[in-house]
Amino acid sequence: MPEQISEPTTSRLSLYLRFLNELDGRGVKTVSSKMLAEQFGLNAALIRKDLSNFGDLGVRGVGYVVEDLRRELRSILGLDRRLGVAIVGAGNLGLALADYPGFRQEGFRIVALFDNLQEKVGRISRSGVTIYDIRDLKPVARREGITIAVIAVPEASARDVLQTVVQAGIKAILNFSPGALRVPPHVKLKSVDLTVSLESLSFYLASEAGRGQQP
């Protein structure tokens with residue numbers, strides 16, 4: 001696998017895989033770069049370039065065999081191994097994420113929830129995920145093979161939680177808390193700010209309303 005693959009490229013690989021899963025479910029055997037391009041509003045040449053980064057995955061005159069390309073993309077994205085995930089924050093969002101069945105379908109095992117409220121510790125989510133004391137993150141992470149942590153706590157607690165996660169040796173973090181967080185160079189952090197996304201949609205609606213009012 002190439003050492004330097006851009007984040008937009010890996011994001012597109014995930015989209016390709018999702019569509020391939022859909023095609024496989026419909027019994028479609030082959031797919032072309034043109035068909036993929038039409039699905040995502042991209043250029044076929046860009047799709048061929050994305051996939052060629054990982055070798056010759058296509059068949060001349062045929063395109064791509066759906067089952068084979070699905071298997072290759074799952075391997076490239078590391079989904080051919082079961083990844084242990086911890087969710088820090090057993091509030092409404094954390095519990096909803098822990099019980100979301102789609103993660104398990106894609107190979108992500110939600111193995112533990114963590115919180116600092118003692119009345120929550122020891123409880124179990126609807127899907128059977130145990131809530132642990134945040135102070136036990138490091139030993140539980142080692143025991144359960146946790147490699148990814150999801151932070152779903154209020155902004156005021158996010159920095160302290162992030163430090164605890166990093167100290168536990170977890171090197172991949174998905175953050176749902178608002179505000180900017182910084183991690184050491186050896187840790188990968190991705191943030192999802194729901195408020196920013198909503199504000200972007202609000203801007204779109206305001207722009208549309210403004211255009212409608214023009215003479």
Side-chain angles (χ1 to χ4, degrees), residues 7 10-11 13-15 17-18 21-22 70 73-201:
E7 200 155 314
T10 58
S11 296
L13 294 181
S14 296
L15 293 177
L17 178 58
R18 188 165 300 177
N21 289 337
E22 179 184 332
R70 279 183 70 241
L73 290 185
R74 286 186 61 82
S75 177
I76 290 166
L77 293 169
L79 300 177
D80 54 345
R81 52 202 172 101
R82 302 289 286 179
L83 297 168
V85 179
I87 296 176
V88 183
N92 291 334
L93 177 58
L95 289 170
L97 292 170
D99 293 332
Y100 175 58
F103 294 140
R104 291 173 178 80
Q105 293 169 7
E106 293 301 325
F108 298 98
R109 296 183 304 116
I110 310 298
V111 298
L113 279 153
F114 293 89
D115 207 281
N116 63 349
L117 294 179
Q118 292 304 304
E119 58 265 31
K120 293 184 179 181
V121 173
R123 295 184 180 179
I124 298 174
S125 75
R126 287 180 300 174
S127 63
V129 182
T130 300
I131 302 174
Y132 296 91
D133 191 314
I134 184 62
R135 293 174 295 185
D136 295 327
L137 176 59
K138 189 171 185 177
V140 174
R142 287 179 176 175
R143 186 184 73 222
E144 300 293 340
I146 294 170
T147 55
I148 299 174
V150 178
I151 296 178
V153 300
E155 183 177 4
S157 306
R159 283 185 171 81
D160 289 340
V161 166
L162 178 64
Q163 183 177 5
T164 300
V165 169
V166 172
Q167 289 175 346
I170 298 172
K171 299 180 180 179
I173 302 168
L174 178 62
N175 171 49
F176 279 91
S177 297
L181 297 176
R182 294 187 178 182
V183 295
H186 69 280
V187 176
K188 178 65 175 178
L189 171 72
K190 287 186 70 69
S191 292
V192 179
D193 194 322
L194 300 177
T195 302
V196 169
S197 298
L198 287 172
E199 288 171 351
S200 177
L201 292 173

Looking only at heavy atoms, which two atoms of [X] and [Y] are closest? And how far apart?
X	Y	answer
Asp99	Ser125	OD1-OG, 2.9 Å
Phe114	Ala86	CE1-CB, 3.7 Å
Val165	Ala149	CG1-CB, 3.7 Å
Ala112	Ile146	CB-CD1, 4.4 Å
Gly91	Asp115	N-OD2, 4.3 Å
Ala90	Ile131	CB-CD1, 3.8 Å

Within the structure provided, determine whether [X] and [Y] are in side-chain contact (heavy-atom separation under 4.5 Å).
X	Y	value
Leu97	Phe103	yes
Ile173	Leu162	yes
Ile148	Phe108	yes
Arg159	Leu181	yes
Leu174	Ile151	no
His186	Lys171	yes
Val111	Val129	no

So how far is it from [X] [atom1] to [Y] [atom2], rounded to the nearest 0.5 Å?
X	Y	atom1	atom2	result
Arg70	Asn21	CZ	CG	4.5 Å
Glu22	Arg18	CD	CZ	10.5 Å
Ser127	Leu113	OG	CG	8.0 Å
Leu13	Leu73	CG	CG	6.0 Å
Ile124	Leu95	CD1	CG	12.0 Å
Ile170	Thr147	CD1	OG1	8.0 Å

Is there a donor-acceptor pair closer than 3.5 Å between any side-chain N or O of [X] and the backbone N or O of [Y]?
X	Y	value
Ser11	Glu7	yes
Asn175	Lys190	no
Asp133	Asp136	no
Ser177	Val153	yes

**Request:** Flag yes if more than 12 heavy atoms outside Arg143 fall under 6.0 Å of its CZ atom; otherwise flag no.
**Result:** yes
